[in-house]
Amino acid sequence: MIQIWSIARKELSDGLRNRWLLAISLLFAVLAVGIAWFGAAASGQVGFTSIPATIASLASLATFLMPLIALMLAYDAIVGEEEAGTLMLLLTYPLGRGQILVGKFVGHGLILALATFIGFGSAALAIAVLVDNVETSLLFWAFGRFMLSSMLLGWVFLGLAYLISSQVAEKSTAAGLALGVWFLFVLLFDLGLLALLVFSEGNFNPDLLPWLLLLNPADIYRLINLSGFDVGAGAVGVLSLGGDLPVAGSVLWLCLFAWVTGTLAGAYWFFRRRQV
């Protein structure tokens, strides 16, 4: 544990020195407050509307931002160390490759977790203080659930970043693949399912299609935040299929956690076989 914490502390200090924690926290806080007060401006209404509407809007935004931030934070975690010559130095110490990987995950995960709680938590406090007649218990329950799921989503993409970084030989390749992973899960996956629905002309197995959403951590994250309120009926696109999933909300949480452990296990498998 001492070795793991040493690696984690180094990554955390690098994040603080590079202003990652400050930048992400400020970005989340500004966007959360802006959505809370101006999210309904298109309909001619300015000001806080409701907790479910705010959480749904924030979840849609975080689906795009959290994976991208996590991938940017960790895409060079392994290959960058090798290019800098520090990976070989680390391996001369009494450190296993699993300890190095877990230490980096703890450090990067703490950066994402702290930024999430500071940024979105400050928005929740602002709503509690500035909005009259808001149900405080529901507000903090909703934001707590949202922040925890956002943190797990970020951790999934940290694992995917390590998976990429442990296989490639250059940082530029890792950066390109990280961007491709972001496009795949955040943008292309749902478009692919919609195309499958259209071109199959209704012949595709309707019982199987909702289960395909579990192959995308971003969709699982959206379903978790939609299932907490009575807004599932307002879901559009392939997310409307989520109501046909015969699983409890707790299973969605377990699926997201499984994505975290699965990507880390895959990253370790490749890292252990990497020649340095």
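As the structure is a computational prediction, the values presented were derived from the model and not from experiment.
By the side-chain contact (heavy atoms from CB on, under 4.5 Å) test, W253 is found to be paired with R145, L148, S149, L152, I224, residues two or more places apart in sequence or in another chain being considered. With sequence neighbours excluded, the residues forming a side-chain contact (heavy atoms from CB on, under 4.5 Å) with L61 are L31, I35, L65, listed by chain and number. In this view, Y75 satisfies the side-chain hydrogen bond (donor to acceptor under 3.5 Å, both in side chains) rule with no residue, not counting sequence neighbours. Not a single side-chain hydrogen bond (donor to acceptor under 3.5 Å, both in side chains) links T116 to another residue, sequence neighbours left out. Partners of K10 under the salt bridge (Lys or Arg N to Asp or Glu O under 4.0 Å) rule, at least two apart in sequence or in another chain, are D14, E81. Partners of S166 according to the side-chain hydrogen bond (donor to acceptor under 3.5 Å, both in side chains) rule, which considers only residues two or more places apart in sequence or in another chain, do not exist here.
Between the CG atom in L114 and the CD1 atom in I24 there is a gap of 10.0 Å [rounded to 0.5 Å]. Rounded to the nearest 0.5 angstrom, F140 CZ and E135 CD are separated by 12.0 Å. Taking OG of S57 as the start and CG of N225 as the end, the distance is 11.5 Å to the nearest 0.5 Å. Considering CD1 of I4 and CG of L101, their distance stands at 10.0 Å, rounded to 0.5 Å. Atom CG in L91 sits 8.0 Å away from atom CE in M88 (nearest 0.5 Å). To the nearest 0.5 Å, atoms CH2 (W269) and CZ (R97) are separated by 13.5 Å.
The two residues L21 and A115 come nearest to each other via the heavy atoms CD1-N, 3.5 Å. Across all their heavy atoms, L139 and A124 have their closest contact at CD2-O, 3.4 Å. Here the closest non-hydrogen pair linking G15 and I111 is CA-CD1, 3.7 Å. Across all their heavy atoms, S150 and M66 have their closest contact at O-CG, 3.5 Å. The shortest non-hydrogen separation linking L158 to A74 is CD2-CB, 3.7 Å. Shortest non-hydrogen contact noted between A62 and P67 is O-CD, 3.4 Å.
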Q: Determine, step by step, whether W259 and N216 satisfy the side-chain contact (heavy atoms from CB on, under 4.5 Å) criterion, reporting the C-alpha distance in whole Å, the side-chain angles of both residues, the deciding distance to 0.1 Å, and the verdict.
A: CA-CA 9 Å; W259 266 96; N216 185 357; 6.0 Å; no

Q: Run the numbers on I220 and L153 for side-chain contact (heavy atoms from CB on, under 4.5 Å), then give the verdict.
A: CA-CA 9 Å; I220 298 173; L153 179 66; over 6 Å; no

Q.
Is there a side-chain contact (heavy atoms from CB on, under 4.5 Å) between L12 and V106? Walk through the geometry before answering.
A. CA-CA 9 Å; L12 186 58; V106 171; over 6 Å; no

Q. After noting the C-alpha distance and the side-chain angles of V79 and I164, does the key distance pass the side-chain contact (heavy atoms from CB on, under 4.5 Å) rule?
A. CA-CA 9 Å; V79 68; I164 294 169; over 6 Å; no

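Side-chain heavy atoms closer than 4.5 Å link hydrophobic residues (I, L, V, M, F, W, Y) into clusters, and following such links, even through other members, never connects L112 to L26. When the side chains of ILVMFWY residues are joined at heavy-atom separations under 4.5 Å, either directly or via intervening members, V30 and L58 end up in two distinct hydrophobic clusters.
Under the ring pair (Phe, Tyr, Trp, His ring centres under 6.0 Å) criterion, the residue pairs touching residues 111-133 are F28-F120, F120-F146, with sequence neighbours excluded. Pairs engaging residues 153-164 under the side chain to side chain donor-acceptor pair (under 3.5 Å) rule: H108-Y162 [sequence neighbours left out]. Applying the salt bridge (Lys or Arg N to Asp or Glu O under 4.0 Å) rule to pairs touching residues 48-68 yields nothing, sequence neighbours excluded. For residues 164-184, every residue pair satisfying the salt bridge (Lys or Arg N to Asp or Glu O under 4.0 Å) rule, not counting sequence neighbours, is listed here: D76-K171.
Of the possible polar contacts, none joining the S165 side chain to the A161 backbone as a donor-acceptor pair under 3.5 Å is found. Looking only at distances, a side-chain donor or acceptor of Q167 sits under 3.5 Å from a matching main-chain atom of L163. Remark: the backbone N or O of L22 is not paired with any side-chain donor or acceptor of S25 at under 3.5 angstrom.
L254 shares a hydrophobic cluster with no other residue; no ILVMFWY side chain has heavy atoms under 4.5 Å from its own.
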Atom pairs and distances, side-chain donor-acceptor, residues 179-189, under 3.5 Å, sequence neighbours left out:
unit_1	atom_1	unit_2	atom_2	d
W182	NE1	F64	O	3.0

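Looking only at side-chain heavy atoms (C-beta outward), L27 and I69 come within less than 4.5 Å of each other. Side-chain contact between E11 and L73 is absent, with no heavy atoms from C-beta onward closer than 4.5 Å. Side-chain contact between E82 and R274 is present, with heavy atoms from C-beta onward closer than 4.5 Å.
Few gaps surround CZ on R273; more than 12 heavy atoms of other groups in view lie less than 6.0 Å from it.
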